Participant: 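My questions all concern the structure below.
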There are 2 protein chains.
Amino acid sequence: MSINIGMIEDDEDIRKLLGFIIDQSPGYACTQRFASCEDGIKEILTHPPDILLMDIDLPGINGVEGVRTIRKHNTRMVILMLTIHEDDDSVFASLCAGANGYLLKGTPPVRLLAALEDAHQGGAPMSAQIANKVVRYFHQSKGNDLSDREIEILSGLCRGENYSSLADILFISKNTVKSHIKNIYKKLHVHTRAEAVLKARELGIK
Amino acid sequence: MSINIGMIEDDEDIRKLLGFIIDQSPGYACTQRFASCEDGIKEILTHPPDILLMDIDLPGINGVEGVRTIRKHNTRMVILMLTIHEDDDSVFASLCAGANGYLLKGTPPVRLLAALEDAHQGGAPMSAQIANKVVRYFHQSKGNDLSDREIEILSGLCRGENYSSLADILFISKNTVKSHIKNIYKKLHVHTRAEAVLKARELGIK
DNA sequence: ATCAAATTCACCCAATTGGAGGATTGACTC
DNA sequence: GAGTCAATCCTCCAATTGGGTGAATTTGAT
């Protein structure tokens, strides 16, 4: 019995190419191909492949969102992201959302098969760079490295304060508040206030 | 032993006027007067008055914030807000933050004393309008009345989605997303995304 | 049948926000 | 003394957000 590969990828050329490479490899079969999450997720969930290749940049429901949805219902399936740029926030986000690793579009067939084999054995194909980022992220998650002042600011955000009110309360300028918030966002790997507030909750900051 | 009244109010004229009215009334003494939360909170907490009159519109730490801070350390003190406009979100926010009621600046002395008496006996001086708003708020808090679609949107906000991504995911226009979010804000009595997300958590929406 | 909602969409406008730089001070370490 | 970091402040700019108002359609309940 060969390893079943599913694929959600909107670019027809890449879909055909990858499908071809996989089908030509003994022991592998690309049994499901979809152009979008909207088309594929239901089928993927009812008949889960061994490995799912998921494009990151999909129109409509994007890859990260797709992974999140699938992971809600299936924790065993191996999901690998397909991406062009390696150093991308989306890659990081995908891993956080539950992806197992990723493949660069344009990976030579030999290495691609090796990665599939690796993933199927429980490995997590990803570059050292990203791996590092992930490790740092999870290290930080137990014991944040926010300064006292930053925690004070974050706490304010959790009460719904904005730049101005925080500036008034803390007797500093709006620009300084902004500056702190930018640093907080960097440390927490978030880009918006709502995400920061949620992350704060996870970290026990209220 | 007369009833001790504390006051935090930045307008000197009002401070003197109210203080005078209170001191002239048998059984009442305005024993503490401050122009700002920064000046007064420490003293108020170490020597709590029976009733604290707190201006809503204070420079620096505003009245709502002040109430929140005081309530963290003292749950027994009666706190009445001083405000000019009755139909104000801040009044509502103050009550949520732990104030017992409020007084309109410009209330005739007789009614003012009556309100103090009322508050001291455990009453909650407030207009029917605001009272109604509060009641509706607490009714809603056990069992929100958000529609399915609104919960779907709110849930998206909790994942950190923005107008555009939600529009893509739900196949509706950005304007519609915005429209829903505006309605959600109204129903939850919030004005920003961060507040909405926190309220969602309280309501069990994730 | 009518009225009230939920859902969808549009336009306008002001305020806030997020991102990218850079600068200064003070404290602490090596 | 040099280097690092936290905290403070700044400018510029683009994008997002929040609020107001209005309106069409559908659905559901009275």
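Values in this document were obtained by computation on a predicted structure and should not be read as measured data. Hydrogens, waters and symmetry mates play no part in the numbers below; they use all other heavy atoms, side chains included. Numbers restart at 1 for each chain; the letters A, B, ... are given by sequence-line order, proteins then strands.
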Participant: Between B:T176 and C:dT8, is there a contact of a side-chain N or O with OP1 or OP2 at under 4.0 Å?
Facilitator: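 No, outside the criterion.
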Participant: State which residues pass side chain to side chain donor-acceptor pair (under 3.5 Å) with A:S165; sequence neighbours excluded, sorted by chain then number.
Facilitator: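 Side chain to side chain donor-acceptor pair (under 3.5 Å) check on A:S165 returns A:E161, A:N162.
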Participant: Quick one: salt bridge (charged side-chain N to carboxylate O under 4.0 Å, His left out) pairs with a partner in residues 163-175 of chain A, sequence neighbours left out?
Facilitator: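 Qualifying pairs: none.
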Participant: Can you sort out the partners of A:E38 under salt bridge (charged side-chain N to carboxylate O under 4.0 Å, His left out), two or more places apart, ordered by chain and number?
Facilitator: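 A:E38: no salt bridge (charged side-chain N to carboxylate O under 4.0 Å, His left out) contacts found.
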Participant: Find the distance A:D148:CG to D:dA7:P and express it as a whole number of Å.
Facilitator: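 Checked: the CG to P distance equals 7 Å.
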Participant: With a cut-off of less than 4.0 Å, is there a side-chain N or O of B:H180 near OP1 or OP2 of C:dA6?
Facilitator: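 It does not, given that no N or O in the side chain of B:H180 lies less than 4.0 Å from OP1 or OP2 of C:dA6.
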Participant: Under the side chain to side chain donor-acceptor pair (under 3.5 Å) rule, collect the residues that match up with B:K178, sequence neighbours excluded.
Facilitator: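 Scan of B:K178 (side chain to side chain donor-acceptor pair (under 3.5 Å), adjacent residues dropped) gives none.
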Participant: What is the distance, rounded to the nearest whole Å, between atom CG of A:N175 and atom P of C:dT24?
Facilitator: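 One finds 16 Å between P of C:dT24 and CG of A:N175, rounded.
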Participant: Angle, rounded to 10°, between the helical axes spanning five pairs at each terminus of the helix from C:dA1-D:dT30 to C:dC30-D:dG1?
Facilitator: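 Roughly 50° between the end axes, to the nearest 10°.
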Participant: Using a 4.0 Å cut-off on protein heavy atoms (strictly under), produce a 5'-to-3' string for nucleotides 13-28 of chain D with B for base contact, S for backbone-only sugar-phosphate contact, and - for none.
Facilitator: ----BBBBB-------
Participant: The criterion is side chain to side chain donor-acceptor pair (under 3.5 Å); which residues satisfy it with A:E195, sequence neighbours excluded?
Facilitator: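 Counting only residues at least two positions away or on another chain, A:E195 forms a side chain to side chain donor-acceptor pair (under 3.5 Å) with A:T192.
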Participant: Report the residues that fulfil side chain to side chain donor-acceptor pair (under 3.5 Å) with B:S164, sequence neighbours left out, ordered by chain and then residue number.
Facilitator: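 Per chain and number, B:S164 pairs via side chain to side chain donor-acceptor pair (under 3.5 Å) with no residue.
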Participant: Is it the case that the side chain of A:Q32 and the backbone of A:H47 share a donor-acceptor pair, with hydrogens and angles ignored and the cut-off at 3.5 Å?
Facilitator: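 At least one qualifying donor-acceptor pair exists.
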Participant: Could you tell me which residues satisfy side-chain contact (heavy atoms from CB on, under 4.5 Å) with B:R33, sequence neighbours excluded, listed by chain and number?
Facilitator: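 Partners of B:R33 by the side-chain contact (heavy atoms from CB on, under 4.5 Å) criterion, ordered by chain and then number, come out as B:R15, B:D23, B:C30.
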